[in-house]
Amino acid sequence: MENTLYLYNTLSRKKEEFQPINPKHVGLYVCGPTVYGDPHLGHTRPAITFDILFRYLKHSGYKVRYVRNITDVGHLENDADAGEDKIAKKARLEELEPMEVVQYYTDRYHYYMDLLNVQKPSIEPRASGHIIEQLQIVEDILSKGLAYESNGSVYFDVEKYNKDNHYGALSGRNIEDLLSTTRELDGQTEKRNSFDFALWKKAAPEHIMRWPSRFSDGFPGWHLECSAMSARYLGTEFDIHGGGMDLLFPHHECEIAQSTVANGHTPARYWMHNNMITIDGQKMGKSLGNFITLEQMFSGEHDKLAQAYSPMTVRFFIMQAHYRSTLDFSNEALQASQKGMERLLEATANLEKLQASDSSSFSVAELKEKCYAALNDDLNTPILIAHLFDAVKSINSMLAGKASLTTEDLLTLKQLMHDMVIDILGLSVNTSGSSEGNDELLSETINLLLNLRIDAKTNKDWGTADKIRNELQALGVEIKDTKDGFEWSIK
RNA sequence: GGUUCCUUGGCCGAGUGGCUAGGCAACGGUCUGCAAAACCGUGUACGGCGGUUCGAAUCCGCCAGGAACCUCCA
């Protein structure tokens with residue numbers, strides 16, 4: 001495929017042609033979840049965004065190593081002395097072993113990602129499994145004089161780093177701004193500057209998750225795991241680093257600083273950031289407590305939810321907005337997505353019914369070109385979907401006998417729709433995930449009833465015909481009359 | 001307070017200096033026993049005020065409103 005993919009690089013703040021370091025291979029690192037809570041709607045944004053990137057890169061012929069971590073240690077609750085590992089806190093609250101909490105929420109995360117048809121990354125490393133690598137980086141940075149030890153903790157010396165590098169290059173800040181804007185928090189006394197960040201943190205007595213080191217019994221600073229694990233599995237320089245926009249600063253900025261000191265160069269060439277999902281115009285997130293969990297989305301059990309939404313509806317909803325735009329949650333928007341997606345999937349399934357003819361009344365080649373152009377333009381899935389709806393229109397026109405395609409064009413269209421809808425957008429064709437009651441007996445029974453209805457119609461017995469239709473519909477069987485009979489599906 | 005970003009028709013949501021985004025909803029028509037589905041058609045959108053330009057929703061300035069980050073967050 002001689003397509004050129006353009007990706008928006010946060011580093012340069014513009015779209016850049018994507019060129020991998022090693023031809024045919026792509027190294028992709030994405031910040032994964034912190035597993036101390038149930039996955040919510042917000043978690044689906046990066047998961048789906050980078051799932052599409054992963055799928056598209058593979059579709060384009062690249063061999064992709066996709067690393068997405070599980071954060072199970074190290075996130076400080078507040079800062080400095082008041083710091084407490086989030087996992088540990090949750091554990092004490094629930095009186096569970098920290099690793100028990102981690103396991104539980106990791107499993108939950110995996111379960112819901114599977115429902116959303118998010119492909120598993122190639123490697124899913126855990127921070128807790130890479131303490132040694134993280135300590136090695138701490139030692140390395142210390143030996144280079146860009147970190148200092150203080151009361152059993154080790155901090156990165158941002159000011160010193162900034163002399164030869166630009167701390168803030170990714171997020172568009174500079175150290176002067178940071179000096180004046182960083183909030184004064186308790187327990188900053190260990191640090192030389194408020195913007196210094198921990199590489200290693202001494203554990204308070206009540207802190208359960210801890211590892212021995214020559215500095216103290218403690219745990220790694222929360223930016224360090226990504227530096228350690230990306231370098232271990234992708235090398236010190238790899239192609240793409242992704243994550244949520246909320247991680248841009250300080251997380252990714254610190255990551256760059258650490259890795260730059262350790263390796264002499266920035267870790268990733270392209271930095272991609274997905275925007276947030278909002279609700280009532282505000283970011284959906286843990287801190288605000290305004291999130292809707294995926295369990296709630298799929299069951300409909302939440303005050304904000306007018307109904308349950310299927311995983312595919314949620315997936316489609318997310319893909320209908322560009323990944324760098326905020327996306328506002330609303331029932332109306334979700335319902336619109338659901339209906340649109342059903343139409344798209346039905347048309348895709350109906351491709352099999354199409355008959356070729358002598359000539360083509362529309363250009364499949366042009367459609368195909370537009371689809372790839374949309375993807376190549378920084379993964380513009382809303383535009384891609386708009387083009388797919390054009391295809392839907394054409395497919396339905398063909399079904400209605402108002403459009404035609406040659407055998408060759410029809411084949412191309414089938415392949416294209418399969419590639420786009422199934423492979424790249426990752427929608428599964430069996431629409432609603434609910435009762436797949438496709439057992440013989442049920443099918444034959446419904447067929448029997450609908451055949452009786454045809455008889456009734458032949459006899460102009462509209463009362464009986466309507467009764468069969470209405471009652472079946474009430475039971476959730478969707479009925480469509482066609483020229484030569486009927487079609488039905490279970491809703 | 002600092003930095004950055006956003007404001008598009010009933011709802012969601014793309015986009016470009018001049019060429020139909022798309023979806024959902026609505027309305028009219030075709031089809032149908034009636035519906036549903038499908039098809040055809042309709043909707044004179046770009047926060048406000050100035051400026052640049054032959055021409056701006058798209059560039060610049062100001063104003064209004066909103067958001068993100070600066071603290072854990074996807």
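Each chain gets a letter, A, B and so on, in the order its sequence line appears, and its residues count up from 1. What you see is a predicted model, and the numbers here were worked out from it, not measured in a lab.
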Exercise. Tell me what A/H387 touches on the nucleic acid: a base, only sugar-phosphate, or nothing, going by heavy atoms under 4.0 Å.
Key: nothing
Quiz item: Is the distance from OP1 or OP2 of B/A14 to the nearest side-chain N or O of A/S325 less than 4.0 Å?
Solution: yes
Practice problem: Hey, can you tell me if A/Y233 and A/H130 have their rings parallel, tilted or perpendicular (30° and 60° cut-offs)? | Solution: perpendicular
Quiz item: So which one's nearest nucleotide on RNA chain B is more toward 5', A/N396 or A/H322?
Solution: A/H322
Quiz item: Counting N and O atoms only, with roles assigned by atom type, does the side chain of A/E253 sit under 3.5 Å from a partner on the main chain of A/L170, one being a donor and the other an acceptor?
Solution: yes
Quiz item: Relative to each other, are the rings of A/H223 and A/H251 parallel, tilted or perpendicular (30° and 60° limits)?
Solution: tilted
Practice problem: With C1' as the reference atom in both, quote the distance from B/G18 to B/U32 in angstrom, rounded to an integer. | Solution: 45 Å
Practice problem: Give a yes/no verdict on a cation-pi contact between A/R173 and A/F249, requiring under 6.0 Å between NZ or CZ and the six-membered ring centre and an angle within 45° of the axis. | Solution: yes
Quiz item: So what does A/A386 hit on the nucleic acid, given a heavy-atom distance under 4.0 Å: a base, only sugar-phosphate, or nothing?
Solution: base
Quiz prompt | Modelled atom types, side-chain donor and acceptor of A/H322 and A/Y8, under 3.5 Å | solution = no
Quiz item: Does any N or O in the side chain of A/N9 come within less than 3.5 Å of the main-chain N or O of A/W271, such that one atom is a donor and the other an acceptor?
Solution: yes
Quiz item: RNA chain B: A/G172 or A/A336, which has the more 5' nearest nucleotide?
Solution: A/G172
Practice problem: Report which part of the nucleic acid A/G42 touches: base, sugar-phosphate, or nothing (heavy-atom distance under 4.0 Å, all strands). | Solution: base
Quiz item: For atom P, what is the distance between B/U4 and B/C11, given to the nearest Å?
Solution: 31 Å
Quiz item: Going by atom types alone, do A/D328 and A/T326 pair a side-chain donor with an acceptor below 3.5 Å?
Solution: no
Practice problem: Would you check if the side chain of A/N380 reaches a backbone N or O of A/I383 as a donor-acceptor pair within less than 3.5 Å? | Solution: yes
Self-check item: Residue-phosphate contact under 4.0 Å: A/T34 side-chain N/O, B/A74 OP1/OP2
Solution: yes
Exercise. Sticking with atom C1', work out how far B/U8 lies from B/G43, rounded to a whole angstrom.
Key: 15 Å
Self-check item: Watson-Crick or G-U stems of RNA chain B, 3 or more pairs, under 3.5 Å, by first number
Solution: B:1-7 with B:64-70, B:10-12 with B:22-24, B:26-30 with B:38-42, B:47-51 with B:59-63
Close N/O contacts between protein and nucleotides 30-35 of chain B (under 3.5 Å):
{"from": "B/G33", "atom 1": "O6", "to": "A/R453", "atom 2": "NH2", "distance (Å)": "3.4"}
{"from": "B/G33", "atom 1": "N1", "to": "A/D466", "atom 2": "OD1", "distance (Å)": "2.9"}
{"from": "B/G33", "atom 1": "N2", "to": "A/D466", "atom 2": "OD2", "distance (Å)": "2.9"}
{"from": "B/C34", "atom 1": "O2", "to": "A/R469", "atom 2": "NH2", "distance (Å)": "3.0"}
{"from": "B/C34", "atom 1": "N3", "to": "A/R469", "atom 2": "NH1", "distance (Å)": "2.9"}
{"from": "B/C34", "atom 1": "N3", "to": "A/R469", "atom 2": "NH2", "distance (Å)": "3.2"}
{"from": "B/C34", "atom 1": "N4", "to": "A/R469", "atom 2": "NH1", "distance (Å)": "3.2"}
{"from": "B/A35", "atom 1": "N6", "to": "A/D481", "atom 2": "OD2", "distance (Å)": "3.0"}
{"from": "B/A35", "atom 1": "N1", "to": "A/R469", "atom 2": "NH1", "distance (Å)": "3.4"}
{"from": "B/A35", "atom 1": "N3", "to": "A/R469", "atom 2": "NH1", "distance (Å)": "2.8"}

Practice problem: Would you tell me if any nitrogen or oxygen in the side chain of A/R343 comes within less than 4.0 Å of OP1 or OP2 on B/G23? | Solution: yes
Practice problem: Output yes when A/R469 and A/D466 qualify as a salt bridge under the 4.0 Å nitrogen-oxygen rule, no when they do not. | Solution: yes
Practice problem: Please work out which of the three classes, parallel, tilted or perpendicular, describes the rings of A/H43 and A/Y109, given edges at 30° and 60°. | Solution: perpendicular
Practice problem: Using the ring of A/F50 (Phe, Tyr or Trp, six-membered ring only), decide whether A/R68 places NZ or CZ under 6.0 Å from its centre and within 45 degrees of its axis. | Solution: no
Quiz item: Phosphate oxygens OP1/OP2 of B/A74: is one of them under 4.0 Å from a side-chain N or O of A/N274?
Solution: no
Under 3.5 Å, which N/O atoms of the protein pair with N/O atoms of nucleotides 64-68 of chain B?
{"from": "B/A68", "atom 1": "OP1", "to": "A/K283", "atom 2": "N", "distance (Å)": "3.3"}

Exercise. Would you please confirm or rule out a distance under 4.0 Å between OP1 or OP2 of B/G15 and any side-chain N or O of A/N380?
Key: yes
